[in-house]
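Written out below as structure tokens is the structure these notes cover.
Bear in mind that the values here come from a model prediction, so they are computed numbers and not experimental data.
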Amino acid sequence: MIDRYSDIVKDFIKVLGSSRVAMAGAVVSSVIFPVLAISVFLDIQGVVKNPYFGFLIYMVMGPLFVGGVLTTLVGLIFFRDTEEIGLFTLEYLKEQLTMPGRFSRVRKHLYISSFIAAATLLVIGVVSIKGFDYTESVRFCATFCHTVMESEYISHQNSPHSRIPCVRCHISSESGLFDKSKISGIRMIFATLFDRYDKPIRTPISSLRPSREVCEQCHRPEIFHGDKLYIKDYFLADEKNTHVQTVLLMHVGSGGSRGEHAHGIHWHVSPEHRTFFQEEAGSDGRISSVKLLDHDGDEFVFNRVDDHKAEVDVSGGNTYKLMDCLDCHNRPTHIFLSPEEALDRKISDGSISRDLPYIKQRALEVIQKEYRDRQEARKKISIDLESWYRDNYPGLLTSDEELLEKAVNSVYQAWSENVFPEMNVGWNTYQDNLGHEEGRGCFRCHSDAYRTKDGRVISDDCSLCHVVLAEKEESPDIMRILHGKKEQ
């Protein structure tokens with residue numbers, strides 16, 4: 001039995017030996033096959049977390065294995081020696097199958113050939129599927145090009161959408177967007193290899209910008225309704241790091257559903273009130289004109305009063321953009337905080353203790369300095385804070401040394417989560433249009449600077465969007481009421 005299988009193996013080697021091209025392809029695929037199979041198994045089991053391991057499997061070994069198999073087939077079909085041609089003809093197979101005593105041997109050849117072909121197809125199928133999944137994963141999108149996408153990855157990890165993979169929003173199931181994203185991805189790979197990418201990374205307005213339909217797969221527009229209580233914690237830059245709060249009743253409203261009229265903030269995306277806007281070229285989002293198509297068919301065009309250019313014909317729909325979710329929620333996942341908010345969050349969750357006198361003031365000063373890289377930032381933030389407390393509160397270094405050390409680490413973390421010197425990303429590099437506290441936000445449109453020809457203006461009345469119940473107050477009355485506490 002062993003001799004028979006040995007003869008079959010010799011026959012296969014003889015067949016491959018009839019073509020140097022086939023032999024080269026067989027050697028490549030044979031060497032890679034066991035390594036590739038083990039690597040795919042380890043990756044499926046999650047043993048190795050390094051993103052470059054996935055790249056080596058699916059972008060290097062996978063294509064090499066497929067290339068080896070294809071080279072073997074091409075060599076056997078087109079580059080074999082003429083004297084061995086009988087091995088591949090129908091007449092040869094007929095002869096072998098009809099000769100007495102030959103059928104058993106040929107049958108083993110067929111079985112082994114079928115097994116090898118099936119195993120090869122299985123490996124190619126698994127590698128193709130897993131390779132596609134790898135290119136769709138967060139670790140490929142965010143961590144493979146570590147320096148380039150580090151700012152986007154860290155901001156994604158700290159966002160409300162951190163459990164949602166990049167492709168769910170940036171690619172979705174739309175075939176057109178899928179093709180565009182893959183083409184854009186190829187371009188980005190070459191840009192990274194040749195250091196031709198933007199620093200900082202530009203917001204992908206046209207290529208990878210999620211659409212309203214993508215957002216509404218999870219955020220159901222039919223339940224955008226009612227008011228929402230919003231509580232914001234702040235800490236003053238005084239000795240006690242005084243805790244103050246702003247309390248707003250947000251008119252979230254509705255885009256119009258369940259028989260109710262559009263109202264509140266989501267009035268802007270109502271099909272009854274279609275809102276368009278025109279951005280000024282090269283102005284980083286400055287709006288030059290707003291157009292409203294009302295439910296009764298009336299059209300209102302609000303031009304900026306300092307814009308003396310002639311009105312543009314928008315009948316073709318190429319000049320004005322229809323307002324959607326991403327025009328206000330322009331950074332729903334890649335959220336970069338202001339220095340104050342970054343520190344307020346750390347103090348609020350206890351990472352930075354309020355018991356450290358003036359920690360908000362001192363931390364705010366050190367994180368707004370410019371540093372060449374992370375190593376310099378960590379070192380200087382630590383030295384500046386420790387030396388200041390040594391000079392002004394020397395007892396802290398002995399009584400609360402661990403408290404100060406924890407605060408120093410958290411202050412550095414607040415900086416490192418929002419500032420990336422290698423990519424020229426600093427505080428407020430990316431503007432957030434949600435609200436108007438740190439950036440332009442609502443006031444990009446809601447300003448009396450935008451007027452129609454007959455003198456109508458876009459209202460900037462605060463009560464359209466919210467009611468201020470408390471504004472940076474220490475122990476506001478509304479909070480005592482909400483917590484069921486009696487007046488003291």
Side-chain angles (χ1 to χ4, degrees), residues 159-161 212 215-216 218-236 242-258 260-275 277 285 287 290 292 294-295 300 302 323-333 335-338 340-342 344-345 348 428 430-450 456-485:
S159 80
H161 295 98
R212 175 179 174 179
C215 302
E216 292 178 358
C218 298
H219 301 280
R220 296 168 56 189
E222 64 269 20
I223 58 174
F224 291 163
H225 66 278
D227 294 338
K228 178 181 178 181
L229 193 67
Y230 177 76
I231 302 171
K232 180 78 171 178
D233 294 298
Y234 299 89
F235 297 89
L236 302 182
T242 304
H243 180 206
V244 296
Q245 292 177 305
T246 292
V247 184
L248 303 174
L249 185 65
M250 304 297 300
H251 299 319
V252 176
S254 167
S257 64
R258 298 179 179 178
E260 63 180 346
H261 294 293
H263 63 283
I265 297 170
H266 284 108
W267 175 94
H268 295 86
V269 293
S270 166
E272 299 178 0
H273 311 279
R274 303 182 71 200
T275 305
F277 65 91
I287 293 175
V290 178
L292 171 64
D294 216 345
H295 62 90
F300 303 94
F302 300 84
M323 188 174 182
D324 66 10
C325 311
L326 272 297
D327 294 311
C328 290
H329 301 273
N330 66 315
R331 303 206 70 82
T333 299
I335 302 172
F336 294 86
L337 306 176
S338 67
E340 287 221 29
E341 186 170 7
D344 285 340
R345 291 192 179 187
S348 182
N428 301 319
Y430 295 108
Q431 292 288 331
D432 192 343
N433 293 334
L434 189 63
H436 50 76
E437 187 173 24
E438 300 294 343
R440 299 159 300 177
C442 308
F443 295 140
R444 291 199 304 158
C445 297
H446 286 271
S447 166
D448 58 7
Y450 296 90
R456 295 172 183 261
V457 298
I458 300 178
S459 176
D460 59 358
D461 184 359
C462 299
S463 63
L464 290 174
C465 295
H466 55 68
V467 176
V468 180
L469 302 177
E471 185 172 6
K472 291 189 177 180
E473 297 179 15
E474 188 176 359
S475 300
D477 293 339
I478 185 62
M479 294 302 296
R480 289 200 294 270
I481 294 172
L482 291 173
H483 292 154
K485 295 180 180 179

What's the separation between atom [atom1] in [X] and atom [atom2] in [Y], rounded to the nearest 0.5 Å?
X	Y	atom1	atom2	value
Asp327	Arg444	CG	CZ	6.5 Å
Asp324	Thr275	CG	OG1	11.0 Å
Asp344	Ser338	CG	OG	7.5 Å
Lys472	Thr242	NZ	OG1	13.0 Å
Glu341	Tyr234	CD	OH	7.5 Å

For [X] and [Y], which heavy atoms make the closest approach, and how far apart are they?
X	Y	answer
Leu337	Ala342	CD1-CA, 3.8 Å
Cys442	His436	SG-CD2, 4.1 Å
His266	Gly253	ND1-O, 4.3 Å
Phe443	Ser447	O-CB, 4.2 Å
Val269	Cys325	CG1-N, 4.3 Å
Asp233	Gln245	OD1-NE2, 2.9 Å

Just so I know, are the side chains of [X] and [Y] near enough to count as touching, which here means a heavy-atom distance under 4.5 Å?
X	Y	value
Cys328	Met323	yes
Ser459	Leu464	yes
Leu326	Cys215	yes
Leu248	Cys465	no
Leu482	Leu229	yes

query = Does His329 have its ring centroid less than 6.0 Å away from the ring centroid of His268?
reply =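 No: the rings miss the under 6.0 Å criterion.
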key: For Trp267, the option from His273, Glu272, His251 that meets side chain to side chain donor-acceptor pair (under 3.5 Å)   =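 Answer after filtering His273, Glu272, His251: His273.
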Tell me if a side-chain donor or acceptor on [X] pairs with a main-chain N or O of [Y] at a distance below 3.5 Å.
X	Y	result
Asn330	Gln431	yes
Asp460	His446	no
Tyr230	Thr246	no

